[in-house]
Amino acid sequence: MSVIEVKNLCKTFRVKKKEKGLKGSFKSLWQPNYKKVEAVQNISFEVEKGEMIAFIGPNGAGKSTTIKMLTGILYPDSGSVSILGLDPKKDRKKLAYEIGTVFGQKEQLWTHLTPYDNFKFFGAIYDIPEKAVEKKIEELGTLFELEQFINTPVRNLSLGERIRCEIVASLIHNPKILFLDEPTIGLDPVVKENIRALIKRMNKEYKTTVFLTSHDVGDIEKLCKRVVIVNHGKLVLDDSMENLKYHYLNKKIVEAKMKEKVNLEGEDGISILKDKGYNLKIEVDTKKKTVADALKLLNPDNIVDINISNMPLEDIISTIYQGEDK
């Protein structure tokens with residue numbers, strides 16, 4: 001069952017074009033020159049109930065514009081959007097009761113209040129009965145491990161603690177879809193892992209559909225099974241995480257510590273990334289040569305230690321962007 005349906009979505013902005021220098025600034029005041037920027041161009045996709053999807057792209061790709069149209073903040077020039085059977089343009093108030101949003105760089109909590117008081121406040125906004133709010137606070141407080149600081153003013157919380165509270169605040173009204181925009185930005189690696197684990201538990205226990213945008217490859221790789229990539233306002237790729245990593249670039253990274261030096265220069269299907277004598281790092285193109293063949297060239301008896309890994313997702317996505325730009 002699709003909870004998000006986007007068909008041929010388009011959005012164009014009229015942007016003032018400024019000429020250089022002081023003279024150009026004055027001229028733009030009296031004789032403004034405008035240009036059209038096609039922020040979103042004919043994008044279509046669907047999201048199933050309970051799915052965790054990564055919607056990614058470089059800065060200026062059209063991600064934020066698309067999300068604003070999905071949530072009713074902006075109206076599309078053409079095309080259609082259906083969120084849980086509602087049209088965000090016509091049913092924005094109804095939709096607000098069905099979705100939640102968390103923006104890593106924007107606070108929705110009142111910093112002088114405690115998390116508990118904030119949650120009660122949001123419960124009142126959504127007309128939730130007091131007993132139901134208390135029960136929800138208890139459930140989410142346990143799930144997101146807020147017990148130690150739920151009665152501490154938000155301004156005194158660490159960034160990681162605040163993000164956990166931001167997510168809980170967005171879940172008080174039982175939204176069916178949660179939009180997460182850079183939820184782990186600025187967090188240290190340990191806290192990031194904790195936040196990701198909590199988001200996964202939330203998705204599993206409440207079946208909440210998660211629509212994630214992030215520049216953090218770890219968020220994408222560890223939370224989502226599907227990736228939608230946009231660039232220059234166009235949909236570039238819509239595929240599963242596994243297909244993205246395995247089929248789009250069939251490359252493996254092999255790092256080996258050797259007893260004796262090995263020369264692989266000019267070997268078809270192998271690119272040398274680092275060669276420090278007895279320590280070798282190579283990239284194996286499995287379309288041309290299997291990993292087993294690469295290991296034979298290294299000679300198993302000559303290997304002291306070895307690590308074989310997939311090509312980093314960040315490199316894959318970067319390659320996709322570059323291919324689209326050409």
Exercise for the section: Is it possible for you to say whether Val6 and Tyr75 belong to one hydrophobic cluster, with membership spreading through side-chain heavy-atom contacts below 4.5 Å? Expected result: no
Exercise for the section: For salt bridge (Lys or Arg N to Asp or Glu O under 4.0 Å), just list the numbers for Glu255 and Lys274, CA-CA rounded to whole Å, side-chain angles, deciding distance to a tenth of an Å, and then say yes or no. Expected result: CA-CA 9 Å; Glu255 297 176 82; Lys274 190 183 295 182; over 6 Å; no
Practice task
Check whether any side-chain heavy atom of Val230 sits under 4.5 Å from a side-chain heavy atom of Lys63, and report yes or no.
Solution key: yes
Practice task
Evaluate whether atom NZ of Lys289 has more than 12 neighbouring non-hydrogen atoms of other residues, nucleotides or ligands under 6.0 angstrom away.
Solution key: yes
Handout entry: Closest approach of Thr152 to Asn156 (non-hydrogen atoms, all atoms of both residues)
Key = CG2-CB, 3.9 Å
Exercise for the section: Apply side-chain contact (heavy atoms from CB on, under 4.5 Å) to Ile220 and Met241, showing your working. Expected result: CA-CA 9 Å; Ile220 301 163; Met241 178 65 69; 3.5 Å; yes
Exercise for the section: Say whether Val291 and Ile253 are linked into one hydrophobic cluster, either directly or through other cluster members, by side-chain heavy-atom distances under 4.5 angstrom. Expected result: no
Exercise for the section: Decide yes or no for Ile163 and Thr184: does some side-chain heavy atom of the first lie under 4.5 Å from some side-chain heavy atom of the second? Expected result: no
Practice task
Show the numbers, then the answer: is there a side chain to side chain donor-acceptor pair (under 3.5 Å) between Thr213 and Asp181?
Solution key: CA-CA 5 Å; Thr213 65; Asp181 185 18; 2.6 Å; yes
Practice task
May I ask you to test the Thr286-Lys252 pair for a side-chain heavy-atom distance under 4.5 Å?
Solution key: yes
Practice task
Using a strict cut-off of less than 4.0 Å between a Lys/Arg side-chain nitrogen and an Asp/Glu carboxylate oxygen, indicate whether Lys120 and Glu130 qualify as a salt bridge.
Solution key: yes
Handout entry: Atom of Asp275, atom of Gly277 and distance for their closest heavy-atom approach
Key = OD1-N, 3.1 Å
Practice task
State, yes or no, whether a side-chain contact exists between Ile303 and Lys257 at a heavy-atom distance under 4.5 Å.
Solution key: no
Handout entry: Donor-acceptor under 3.5 Å (Ser44 side chain, Asn8 main chain)
Key = yes
Problem - Contact summary for Ile128 and His173, nearest pair of heavy atoms - result: CD1-CA, 3.7 Å
Practice task
Sequence neighbours left out, what passes ring-ring contact (aromatic ring centres under 6.0 Å, His included) with Phe45? Give chain and number order.
Solution key: Phe55
Handout entry: Within one Ile-Leu-Val-Met-Phe-Trp-Tyr cluster: Ile73 and Val102, side-chain cutoff 4.5 Å
Key = no
Problem - Straight-line distance of Phe211 CZ to Leu180 CG, nearest 0.5 Å - result: 10.5 Å
Handout entry: Separation of Ile150 CD1 from Glu138 CD (nearest 0.5 Å)
Key = 9.5 Å
Practice task
Give a yes or no on whether the backbone of Ile199 and the side-chain of Asn203 come within a donor-acceptor separation of less than 3.5 Å.
Solution key: no
Problem - Glu193, CD atom: more than 12 neighbouring heavy atoms under 6.0 Å - result: yes
Fill in the blank from the handout: Output for pair (Asp216 CG, Lys192 NZ), nearest 0.5 Å, gives 4.0 Å
Exercise for the section: Before accepting this row, confirm whether a basic side-chain N of the pair Asp285/Lys251 lies closer than 4.0 Å to the acidic partner's carboxylate O. Expected result: no
Exercise for the section: Please name the pair of heavy atoms, one in Cys224 and one in Leu212, separated by the smallest distance, quoted to 0.1 Å. Expected result: SG-CD2, 3.7 Å
Practice task
Taking all heavy atoms of Asn151 and all of Tyr116, pick out the closest pair and write down the distance.
Solution key: OD1-CB, 3.7 Å
Handout entry: Neighbour count >12 (heavy atoms, 6.0 Å) for atom CD, Glu242
Key = no
Exercise for the section: Report yes if the side chains of Glu98 and Pro175 come closer than 4.5 Å at any heavy-atom pair, otherwise no. Expected result: no
Practice task
Verify the neighbour count for atom CD of Glu265: are there more than 12 heavy atoms of other residues, nucleotides or ligands below 6.0 Å?
Solution key: no
Practice task
Taking the side chain as every heavy atom from C-beta outward, state whether Glu166 and Leu109 have any pair of such atoms under 4.5 Å apart.
Solution key: yes
Exercise for the section: Kindly indicate whether the side chain of Pro58, heavy atoms from C-beta on, has any atom under 4.5 Å from the side chain of Asn231. Expected result: yes
Practice task
Taking all heavy atoms of Phe122 and all of Ile172, pick out the closest pair and write down the distance.
Solution key: C-CG2, 4.5 Å
Exercise for the section: Could you walk me through whether Asn59 and His215 pass side-chain contact (heavy atoms from CB on, under 4.5 Å), step by step? Expected result: CA-CA 9 Å; Asn59 292 327; His215 284 95; 3.4 Å; yes
Fill in the blank from the handout: One should read off an interatomic distance between Lys259 NZ and Asp301 CG, to the nearest 0.5 angstrom, of 6.5 Å
Problem - Lys49 side-chain N/O to Lys207 backbone N/O, donor-acceptor pair under 3.5 Å - result: no
Practice task
Indicate, with yes or no, if Leu295 and Leu297 share a hydrophobic cluster defined by side-chain heavy-atom contacts under 4.5 Å among Ile, Leu, Val, Met, Phe, Trp and Tyr.
Solution key: yes
Handout entry: Under 3.5 Å donor-acceptor, Arg164 side chain and Leu146 backbone
Key = no
Completion exercise
OG of Ser271 to NZ of Lys281, rounded to nearest 0.5 Å, is 12.5 Å
Problem - Evaluation steps, side-chain contact (heavy atoms from CB on, under 4.5 Å), between Leu280 and Leu298 - result: CA-CA 10 Å; Leu280 188 66; Leu298 295 175; 3.7 Å; yes
Practice task
Could you state whether Ile308 and Leu273 fall into the same hydrophobic cluster, counting links through intermediate Ile, Leu, Val, Met, Phe, Trp or Tyr residues with side-chain heavy atoms under 4.5 angstrom apart?
Solution key: no
Problem - Separation between OG1 of Thr71 and CZ of Phe179, rounded to the nearest 0.5 Å - result: 6.5 Å
Problem - Ring-face cation contact, Tyr97 with Lys93, 6.0 Å cut, 45° max - result: no
Exercise for the section: Answer whether the closest heavy-atom distance between the side chains of Leu70 and Ile99 falls below 4.5 Å. Expected result: no
Practice task
Report the C-alpha distance between Asn42 and Lys234 in whole Å, list the side-chain angles of each, state the deciding distance to 0.1 Å, and finish with yes or no for side-chain contact (heavy atoms from CB on, under 4.5 Å).
Solution key: CA-CA 7 Å; Asn42 205 37; Lys234 298 177 181 179; over 6 Å; no
